[in-house]
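Take a look at the structure set out below.
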Protein chains: 4
Amino acid sequence: MNNISYEIEKLQRKNIVEGQVVEKSDYPSFHKCFGPVMAVVQFFALLPINGVLSDSEDFLEFRWKSIRVIYAMLFLFCGTVESCLGTRRLLRLGFNIHFAEGLLFFITAMVKSFLMFRLGKNWKKIIRFWRKCEDVFLRAPYRSHSNLKLKIQLTFGILFVFAIVEHIFFLATSIQDNHLQLTECTPKSPIFWENFLARYRPHLLHHFPYTPFELPLYEWINVLQAFSWNFSDTFIILLAIGISERFNQLNNRFQNALKHHDLMTASLFRDLRMHYVQLVNLVQFIDSKISILVLLSMAHNFLIIILKIFNAFKPNRINALGDVYFWSYIIFLIGRTLGVLFSVSMINESARQTLNFIRCVPSKFWTLDLKRLQDTIEVESDTLTFSGKKFFFITKRLILAMASTIVTFELVLLDEVNATEEHLCSLIDY
Amino acid sequence: MNNISYEIEKLQRKNIVEGQVVEKSDYPSFHKCFGPVMAVVQFFALLPINGVLSDSEDFLEFRWKSIRVIYAMLFLFCGTVESCLGTRRLLRLGFNIHFAEGLLFFITAMVKSFLMFRLGKNWKKIIRFWRKCEDVFLRAPYRSHSNLKLKIQLTFGILFVFAIVEHIFFLATSIQDNHLQLTECTPKSPIFWENFLARYRPHLLHHFPYTPFELPLYEWINVLQAFSWNFSDTFIILLAIGISERFNQLNNRFQNALKHHDLMTASLFRDLRMHYVQLVNLVQFIDSKISILVLLSMAHNFLIIILKIFNAFKPNRINALGDVYFWSYIIFLIGRTLGVLFSVSMINESARQTLNFIRCVPSKFWTLDLKRLQDTIEVESDTLTFSGKKFFFITKRLILAMASTIVTFELVLLDEVNATEEHLCSLIDY
Amino acid sequence: MNNISYEIEKLQRKNIVEGQVVEKSDYPSFHKCFGPVMAVVQFFALLPINGVLSDSEDFLEFRWKSIRVIYAMLFLFCGTVESCLGTRRLLRLGFNIHFAEGLLFFITAMVKSFLMFRLGKNWKKIIRFWRKCEDVFLRAPYRSHSNLKLKIQLTFGILFVFAIVEHIFFLATSIQDNHLQLTECTPKSPIFWENFLARYRPHLLHHFPYTPFELPLYEWINVLQAFSWNFSDTFIILLAIGISERFNQLNNRFQNALKHHDLMTASLFRDLRMHYVQLVNLVQFIDSKISILVLLSMAHNFLIIILKIFNAFKPNRINALGDVYFWSYIIFLIGRTLGVLFSVSMINESARQTLNFIRCVPSKFWTLDLKRLQDTIEVESDTLTFSGKKFFFITKRLILAMASTIVTFELVLLDEVNATEEHLCSLIDY
Amino acid sequence: MNNISYEIEKLQRKNIVEGQVVEKSDYPSFHKCFGPVMAVVQFFALLPINGVLSDSEDFLEFRWKSIRVIYAMLFLFCGTVESCLGTRRLLRLGFNIHFAEGLLFFITAMVKSFLMFRLGKNWKKIIRFWRKCEDVFLRAPYRSHSNLKLKIQLTFGILFVFAIVEHIFFLATSIQDNHLQLTECTPKSPIFWENFLARYRPHLLHHFPYTPFELPLYEWINVLQAFSWNFSDTFIILLAIGISERFNQLNNRFQNALKHHDLMTASLFRDLRMHYVQLVNLVQFIDSKISILVLLSMAHNFLIIILKIFNAFKPNRINALGDVYFWSYIIFLIGRTLGVLFSVSMINESARQTLNFIRCVPSKFWTLDLKRLQDTIEVESDTLTFSGKKFFFITKRLILAMASTIVTFELVLLDEVNATEEHLCSLIDY
């Protein structure tokens, strides 16, 4: 299978290159829009590749010895070591729901980082394929009504700010819980930060005795993990926005042609079909590259949403700050998950919209290309979107299915809720 | 997306206008049938627009300074204030299932009123698009076998009467409960109507001390809220009836042609396809305008049905009148919800029926238009209906899916039923 | 809608009649095969129409004054009176699960009898339409490899015997329970048969004081109700067998043609398509006549299966005979339900099989009719079967869906099982 | 139905034979790849047929009097006798969950062995049909990029080793449990192996008094049962690999043609369509032969997975070895089930991939064959795979559906988990 799909890619790239001379573009390519985002996330050790701010994707270059790659690999090494120590502790001391949830977060974050590293390594190939497919959309006769660059960078900016706020909230509640334990319960160590580490990084403290110098290192790893965990959703959203935009441009051109009978020529419809097929190939190519990330991301979000809502039925939060953090965390998590679902299903919605225009073409202008275009859309109507390794395809209908599954699971779990109010320290001392 | 769909509308309107001279119509347009209904609902502050009883939709006019708009805005203002005060009380005093259910009703009713107001504002645009699409169906060669005007107004009338009866029942049980509390339990105030307000409008009594003159104002708001909540379902039903009728007319003409071989010409099939496509455009256009209302309405009905059936398992109703009200409320609610589901899915059924006629056309009369018409129906066969923001499409299969979800939820919740008989006053004193 | 579908029928009948001279048939028509079955069931007051054993469906005649109709109406009258008295008792004395289950059985049986009576009234119309659609299949070039007459009558015979055995079992356990109560618990009357009636027909005993002469009348009503309840499933199975047979014949002819290139002419494919469309029309026509019966029958079976399996978890059967009756009842019920599901889904399987032959036609013989036939099958592939009022379509996939729903419901209900062993008399004294 | 499908097979075979002269093949046929596997499994009394290692499938021969058949029938006889004695014991002594689970395993294994025996009997017919369908793929212009022989034999080898390890684990834990009971609880017999038999084969010990010579016989039966139970999954996986390979070859050739415009001729597309249809026929033919095995295998795996995960929630394993066995058993079982699901759904994935190439064919090369090929794939897109008697079709989406059903069932069953720690002997003494 793998070498087949690789061959398809090669073939598709070949087909597209032939007979096209690259001209000056009127609108920024996806590479130009997404480059600045990459420049930022490289500070968080993701997508390490040189030349992200260059004008052309030809200047992208992955070098093992570049500072970005070394920085990313350092993080991967430290994070992996930490996850392994954590797993070892879990196996040694037995299952503990609180520690297990944290460990799952570490491991998911590290796997996502590895996937992002691999994407960085292949990014040049990916973005060149993208450029070939989108090239025709960057100049007349296609037009762009929305500012793709602004849309991508604004979306990134907003989600970035939310992620930072969420992390600060997390730190604040952690410090407050630690303070509470020191003053009112039985701390593991009288030193504030040592106790802090004993609570959140017992597996590290077990091997590396406490020194104050470790703290920044641990916080650095933690920030990068949190960012990696957050950014994979944002990344999927941004790619989806980039692809929907092209389908919208194609729809715009089609719709424009419908107003002027002299524009409806066989060659127009041949072009539209060819460009549509290119976009379909683009969606399938990108899906083949990121669907494992989509699967992991959706599965983890799904699991955490169920766990958190289940916890929400329990009356055991420690204080107001913890409560606010808890609810804002749930809302942000659900919001981000919905963001992924909506933006990706928008690819599908945009792609299917073309059917409406085909329907409106008078029969006297009908051509084989229109028929084939219609068949293509019809055949792919449920699958023209990102998928979780083809186990599920993200469309609008999936959102309802997921919501109803979550409600069912919560109702079934309702029986297990133990409503007894627990003592403060039993909540803090772990 | 939004400006694309706006462009489609413009385009579709344009296409339809060209090459059609408006002639005298043999059957009433939807505007003519629906106008009297609008005249009635404007007394309830919905769909405020002038000229609803005029002969032509060209006389419709939305004026900010008209009495209807001012009346509607006054209601929106009062209702919103009340909902905000209620929300404030809920947040201040903590969650209370009884008060929360009432508040959810207020808020849903107000959101529906806002949506209806917006629909009123856009009504001229909507109804003109409708007229363009349905214009060909108002005269020969199309015929109408059913009296659309009667059907719409009768449906409205019946549901209107039910809604009034339901509200009177509600008032009667409220007054009786209030009376019971005054005589047998601990009332909040010895004055009958002050206690009444303390029970049903505590959030208002908190800010505006009791005077008898407030009662009519509160009742006015309440009646309008109840009507708004009811009418949104009726509204969807009436629109669905109006559209199904046109598909039925098209089917009638097709079927009639099948009986006479000399009628089966290429031009007939071209017309049928064009008119069918117009109806598809109409369904999609109306859906884009009302699907948020459909989503809200179905979600709220779904939730209330589950809650009420869950309550039905509990043995705690206060007296016979309360029991009768409770059951008639459930039956009316389920009936209305089924009414929406059936009438909307009838659009889909009627639209798919055309396939049966296409199948019966002998191959010697086969044309490209028939092929394209068949493809259109096939592609849209699941989606040619109103939708809840495209999360779900209302077809007959959805009804079974909803019913089975409700049964599953109830069975799962069965464990939570607490069958202990509670004391009368614990049921009344809230 | 209704008059449209009536018009379709008329139209379809018309189309078929034209250009066909009725010739001698080589194989028995469905009327000939099914007639003897009808002759038997008329003893049970179902499908009352004269001439069921005649050679041609033209001799069928529904006369209000015929002995069969009067007999059937007498039963309908008696049964309805009994059901009304039972309902009255239930409303008067309050809900009782045991009595309610029995009453539901009475009511379902009576509704089924009414539906069967109406089918009897329309039977001539139905069977004539059937004959028109199947006429071409009764002679060369179509061949029949299976003996339809034998298949239908054997199926009926086997299910008939099972139903009788089941009823005898029911009587035996009833008598034994009655005997047990008389000897070991507190009977309602010392007279054996009066106590019997007090147990099983309390609503009748309340109005008509006990005389031994009532017993045969009550037993007659009960036997007819039980038969009506059983036969509706058998009826659906037999109709489904009759239709599948025709699709199989069409498939046989198609397959035969594929072996001889000189048989593959445009006219053959035109004929095959026309005959296929006739069968599609037949399925839709029959479905429109019986789908309410299908819906009622499947819903009742589904409910009873869930209830009975739920009861099976309880350890409370009275004795070995009761145990054997209980299990044989469940097995027979599930078997009959599966019988309906399998035989009806066989229509769908047979109809879709034609696609395999179309695929094998070499492209040089390809014609418009083959293309249209393929489109027809594809479009109808999920719906070419009997339906429950179009809420669900009976295909093989539905069987799995139903099974999984039953398992889910049972697992959810498992919590409610009360495993305490109850005293014998608490099980008998009702 | 049956003789129709038989006729199809005959017809399809005929079509394929005509016009093809068998030439020398460049790649091994499926028979050549699968033969050595058969040679091994015949030691375990499965698929008994002579000539499995021969070069051509023409040398295959099923002889009732051959040693393999007699060996297999001997096993079938012994295994069936044992299952019958076990069933008799269950009915006599009443239901016992532990014994029932074991008995279900015996019965499933024996039914699978019977199905395998029947497959062996028909193997020549099956493998000849396979050869006819795959013949064109064994030489140019088709090429093979993967080593089918290695893939099949390696897959078999790995699963074979796992099965042996699993059985050794099973024996080790059985012996240890037996030892524990002898030393710490109340054994049924002081003799080690007699007690062993009393624990695991009480139904045999009841009829055949203990002698040490029985042990090898019982172990022989048990090994063969375990192997039969395991191998049915492996068998499905290997067949699926064999078919996917052919679709991949076809895709390779198509893709290769897309690179060279002069290769895209009408005759190429006619060939591709014909070969594709042959593969579709192959999938349907093999499915008709093994779908009962698929249904049985998936149903049993599904049931056991649910039971085992349910047991995993209970804290009652006896010792570390039991724990390791328990978890490795679950993991191996889930792994094997996923192996079946993935390899079979790969058929579907490969078959649908062809659509991507069709889409890329420029319109000027478009032919009727391409259109028909596209229609074929579209129509069969959900069903072109192995099925469980058409109740379900194994595609990637099914995997998610199964997983979500398992999770739902486990969550519902969570209530039933009885977490009390039981005494050691209450776990061992059965």
Side-chain angles (χ1 to χ4, degrees), chain B residues 145-146 244-245 247-252 254-261 341-342 345-346 348-350 352-364 366-367 370-371 374-375 377-379 381-382 395-404 407-417, chain C residues 1-12 14-16 18-19 266 269-270 273-274 276-278 280-281 284-285 295 299 302-303 306 310 367-373 375-380 382-383 387-393 398 401-402 405 408-416:
Chain B
H145 293 294
S146 66
S244 311
E245 171 68 13
F247 277 110
N248 286 344
Q249 284 181 274
L250 193 144
N251 286 340
N252 266 315
F254 202 150
Q255 169 200 320
N256 196 47
L258 281 180
K259 292 181 200 155
H260 309 284
H261 278 196
L341 290 170
F342 273 104
S345 63
M346 201 48 76
N348 190 253
E349 298 286 310
S350 303
R352 291 177 60 175
Q353 184 124 31
T354 311
L355 275 177
N356 294 339
F357 302 114
I358 296 179
R359 195 159 52 227
C360 291
V361 174
S363 291
K364 63 178 165 175
W366 194 249
T367 69
L370 279 176
K371 174 66 187 151
Q374 179 180 296
D375 284 355
I377 304 175
E378 199 183 332
V379 169
S381 72
D382 292 332
T395 62
K396 276 216 159 179
R397 288 186 186 213
L398 184 78
I399 302 175
L400 191 71
M402 275 185 71
S404 113
V407 171
T408 308
F409 283 2
E410 295 299 340
L411 288 180
V412 170
L413 286 170
L414 214 61
D415 277 0
E416 310 292 320
V417 172
Chain C
M1 269 310 293
N2 278 329
N3 71 330
I4 289 194
S5 54
Y6 173 73
E7 287 289 312
I8 300 178
E9 289 162 24
K10 252 174 50 189
L11 169 75
Q12 290 166 335
K14 195 165 177 309
N15 269 2
I16 293 154
E18 284 178 7
F269 295 137
R270 195 179 57 237
R273 193 188 77 81
M274 272 177 53
Y276 196 97
V277 168
Q278 281 177 27
V280 173
N281 289 341
Q284 290 187 346
F285 177 78
L295 180 61
F302 189 74
L303 182 66
I306 287 176
F310 178 62
T367 70
L368 174 60
D369 280 296
L370 279 176
K371 173 67 187 150
R372 290 184 66 196
L373 179 52
D375 284 354
T376 297
I377 304 175
E378 200 183 331
V379 169
E380 298 289 335
D382 292 332
T383 56
S387 74
K389 272 286 169 198
K390 305 212 175 166
F391 291 121
F392 56 86
F393 291 86
L398 184 77
M402 275 185 71
T405 306
T408 307
F409 283 3
E410 294 300 339
L411 287 181
V412 170
L413 285 170
L414 213 61
D415 277 359
E416 311 292 322

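A note on names: the letters A, B, ... follow the listed sequences, proteins ahead of strands, and every chain is numbered from 1.
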**Asked** For C:R270, is it the side chain, the backbone, both, or neither that has a heavy atom closer than 4.5 Å to a heavy atom of chain B?
**Response**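 Contact with chain B is absent: no heavy atom of C:R270 under 4.5 Å.
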
**Message:** At a 4.5 Å cut-off on heavy atoms, which part of C:T383 comes close to chain B: side chain, backbone, both, or neither?
**Reply:**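 Contact with chain B is through the side chain of C:T383 alone.
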
**Message:** Can you give me the closest heavy-atom contact between B:F247 and B:S350, atom names plus distance?
**Reply:**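 Heavy atoms of B:F247 and B:S350 come nearest at CB-CB, 3.7 Å.
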
**Message:** I'd like to know if the side chain of B:N348 and the backbone of B:S381 have a donor-acceptor N/O pair within less than 3.5 Å.
**Reply:**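 Here the side-chain-to-backbone pair exists.
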
**Prompt:** What residues, two or more places apart in sequence or in another chain, satisfy side-chain contact (heavy atoms from CB on, under 4.5 Å) together with B:S404?
**Reply:**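 By the side-chain contact (heavy atoms from CB on, under 4.5 Å) rule, B:S404 matches no residue at all.
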
**Request:** Would you please name every residue forming a ring pair (Phe, Tyr, Trp, His ring centres under 6.0 Å) with C:F391, sequence neighbours left out?
**Result:**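 Only B:F342 meet the ring pair (Phe, Tyr, Trp, His ring centres under 6.0 Å) criterion with C:F391.
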
**Message:** Counting only non-hydrogen atoms closer than 4.5 Å, does B:L411 touch chain C with its backbone (N, CA, C, O), its side chain (CB onward), both, or neither?
**Reply:**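 Contact with chain C involves both backbone and side-chain atoms of B:L411.
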
**Message:** Given heavy-atom pairs under 4.5 angstrom as the criterion, report whether the side chain, backbone, both or neither of B:V361 touches chain C.
**Reply:**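 Both backbone and side chain.
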
**Asked** Under a 4.5 Å heavy-atom cutoff, which of B:R359, B:R397, B:E378 has the most pairs with chain C?
**Response**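 Maximum pair count with chain C is reached by B:R359.
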
**Item:** Within-4.5 Å side-chain heavy-atom neighbours: C:E380 and B:N356
**Value:**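 Side-chain contact under 4.5 Å: yes.
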
